Amino acid sequence: MKLYKEEIKKTFKTRLSLGVILLIILIQVCAVVASYSKLRDNCKDVKKYNEYANAYNGTLDESMVDVNDIRLMENDFYHRKDDTVEDYFYQQYLASICRAKQVEKIGDNVNIPKYYNAIGINCMAQNLTSTVTSFFVLVGIIFIVLPVYSKDRENGMDYIIYTSYLGRKEICKVKLWAAYVLVGLWVTIYYLFSFMLYVGVFDCYDMLTIPINSIGCLLLCPLRINVLEYFILGYVLLLISSFAYTSVMLFVYARVNYTVFCIGAGVLLIILPMFLPKNGILGRVTCILPSVFGKADLIIGNAVSINIFGHEVLLAYFGAVVLLTATMMINLVYKKTFWIGRVDL
Amino acid sequence: MLVIKGLSKRYADKVVYENIDLTFDKGISVLLAPNGAGKTTLMNMLVTIAKPDKGQILYNDKDIYKLGDSYRKILGYLPQKVGYYKNYTAYENLMYVAALKGLREENADSIINMYLDKFGLFEVKDKKVKGFSGGMLQRVGIIGALLNEPEILVLDEPTAGLDPKERVRLKKILSDLGKERIIIVSTHITSDIEFIANKIVMIKDRKILHDDKVDTICSKYNGKIYEVFLDANEVAEFECNNYVLMQQYENNKVKIRFFMDEGADINYRSVIPNLDDVFVCEYKDCTGSEGVLE
Ligand SMILES: Nc1ncnc2c1ncn2[C@@H]1O[C@H](COP(=O)(O)OP(=O)(O)OP(=O)(O)O)[C@@H](O)[C@H]1O
Ligand SMILES: [Mg+2]
């Protein structure tokens with residue numbers, strides 16, 4: 001128990017790690033404040049938009065809801081670049097149709113389209129379930145896990161560690177779990193903090209229970225879930241991808257002697273998949289890489305599903321299973337070699 | 001009892017040991033050899049950081065590599081390059097080592113404070129070690145090695161960087177500990193050990209050169225070490241014909257200590273050989289950087 005504490009303490013004693021974490025959180029705060037000050041004015045027009053919506057009163061029903069139609073309309077919308085109020089309303093109209101699809105769940109009258117001021121939720125989704133967050137969280141992980149591993153070698157502590165009373169297996173295990181605890185803590189703090197920041201700043205607490213598909217600007221989600229569930233799903237995906245990324249990084253740390261190279265390898269692993277094409281075989285493969293996978297908006301994009309035994313399975317779910325299994329396997333099978341150090345054995 | 005049997009060790013391009021046998025009993029054994037002779041290599045094998053290519057190391061008749069973790073439980077090791085975390089205080093560093101060694105927190109605290117006091121570091125225990133001098137760091141490392149009260153204590157050049165006062169203190173502590181444990185110390189400074197070593201192991205050319213008590217080793221040079229007083233202008237010529245161990249100016253004369261294998265002139269005064277003499281004579285052909293390749 002005590003060594004866990006000591007290993008975790010290393011991160012809190014490392015200025016580089018603390019600095020990077022604080023910087024990331026600071027950037028996040030700035031992002032929230034910036035998007036609020038930019039979009040503040042748009043938040044006020046709820047009444048006006050509802051008037052627009054009323055024009056469609058009685059013309060909506062569930063038979064209209066064909067997923068392909070919606071996609072067509074979405075495409076149409078995204079290709080119109082002139083940002084008029086009409087456009088904005090058109091988008092809300094789409095959202096209403098989506099919402100209609102979920103009528104059983106919310107029990108609203110489908111025929112009365114209603115505008116929710118979803119700007120806050122929108123911004124939050126674009127930050128928390130997209131590349132931004134998966135990038136920052138993973139970069140944070142590099143620096144959080146670094147002290148547990150590479151500091152030992154840099155400081156020449158590995159000889160002492162490798163000849164000490166607790167035994168190598170035990171120490172490997174402790175270091176592994178210390179890293180996972182730190183990463184779990186980091187992802188949770190980052191995500192929860194950002195979530196509360198968005199909800200607080202945009203004051204959208206009462207929107208957490210509306211269906212995610214009634215939020216304009218987002219791609220259509222095949223799941224019938226509400227906003228809160230969507231973000232919880234995002235959190236779970238981020239957590240899984242973070243753990244997977246951590247096991248890959250630990251593998252690297254155990255074999256690379258210099259901190260700079262560790263950081264370089266880590267950043268490369270995050271950035272590379274982001275530049276790879278999203279379609280075709282390569283796109284499908286990169287989907288299960290941690291930095292791509294950690295984004296919940298993947299589950300919305302329908303392009304990334306694969307056919308397994310005649311069932312269409314979202315690649316994200318498939319990826320989650322693959323990643324978790326791989327992580328477990330690596331940890332179980334290679335537990336002993338995870339911390340090799342400079343020992344010549 | 002720690003027994004080395006028929007051990008050989010080579011690195012990619014250099015043979016360090018060839019078929020050596022050695023035994024370490026309770027008490028202080030000192031590895032004495034010049035730079036690059038293989039002291040650290042031998043110690044690394046004794047603490048299971050490196051594996052011998054051939055041969056065995058047995059602790060109480062069991063192979064230490066088979067004993068594995070249970071052997072490491074009774075081990076204390078001070079590497080040549082002491083490891084520490086710069087941003088930690090001396091106390092925190094030692095707490096970490098204590099955790100590695102599985103000490104309980106309450107015990108660790110009192111043992112660490114006891115040793116900090118013993119090694120004169122109690123006042124600075126809450127200072128970050130990055131501000132420590134080499135000798136202070138060395139003492140932190142030594143305390144770390146002692147924390148689990150090891151039965152086998154392996155110290156690689158523990159006196160490096162210590163001032164004379166600290167050397168005396170360390171020697172005293174070691175000779176106390178040596179009553180109960182196997183202590184293996186490496187050094188190339190003879191004065192460190194002359195008085196506390198129970199035995200001395202000298203290494204040369206992949207082999208064990210001497211493995212004996214200080215007196216026994218020195219007595220092999222009885223009647224071969226001499227002293228003479230010369231005028232300053234005679235020194236150069238004398239040096240050409242004899243193997244000079246030491247020279248020292250004393251009231252306009254030069255006192256010269258030298259080695260002569262047989263039949264010395266009656267003008268020369270025979271003196272009792274010390275370990276320094278033995279060391280210099282034995283390694284007179286070594287450059288001190290044998291291992292370095294072109
Ligand atoms: N990892 C290694 N790879 C190749 N050669 C090595 C390695 N470690 C040591 N050597 C060589 O083995 C020889 C013995 O080295 P070792 O460090 O054991 O000497 P030492 O007696 O401890 O020297 P010093 O007094 O300088 O500490 C040297 O010639 C060195 O060059
Ligand atoms: Mg050495």
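Keep in mind the model is a prediction, meaning the values are calculated, not measured.
- By the neighbour-count criterion of 12 heavy atoms within 6.0 Å, atom NZ of K207(B) is densely surrounded, having more than that number from other residues, nucleotides or ligands.
- A 6.0 Å sphere centred on NZ of K199(B) holds more than 12 heavy atoms belonging to other residues, nucleotides or ligands.
- The structure places OH of Y88(B) at 9.0 Å from CE of M157(A), a figure rounded to the nearest 0.5 Å.
- Atom CG of D61(B) has 12 or fewer heavy atoms from other residues, nucleotides or ligands within 6.0 Å.
- For F193(A), the CZ atom counts as densely surrounded, since its 6.0 Å shell holds more than 12 non-hydrogen atoms of other residues, nucleotides or ligands.
- For the pair K81(B) and Y159(A), the cation does not sit on the ring face, since its NZ or CZ is not both under 6.0 Å from the ring centre and inside 45° of the axis.
- The CD1 atom of I161(A) sits 3.5 Å away from atom OH of Y96(B), with the distance rounded to the nearest 0.5 Å.
- When heavy atoms are compared at a cutoff of 4.5 Å, V154(B) does not approach chain A at all.
- Only the backbone of L103(B) comes within less than 4.5 Å of a heavy atom of chain A; no side-chain atom from C-beta onward does.
- The neighbour count for K5(B) NZ, taken as heavy atoms of other residues, nucleotides or ligands under 6.0 Å away, does not exceed 12.
- Note that NZ of K10(A) and CG of N87(B) are 12.5 Å apart. Values are rounded to the nearest 0.5 Å.
- Nearest heavy atom pair, residue V47(B) against residue T163(A), reads O-CG2, 3.2 Å.
- Nearest heavy atom pair, residue K101(B) against residue S164(A), reads CG-CB, 4.3 Å.
- For K130(B), the NZ atom is densely surrounded, since the number of other residues' heavy atoms within 6.0 Å is greater than 12.
- Taking all atoms of both residues into account, the shortest heavy-atom contact from M95(B) to K2(A) is O-NZ, 3.7 Å.
- Expressed to the nearest 0.5 Å, how far CG of N93(B) lies from CD of E6(A) amounts to 9.5 Å.
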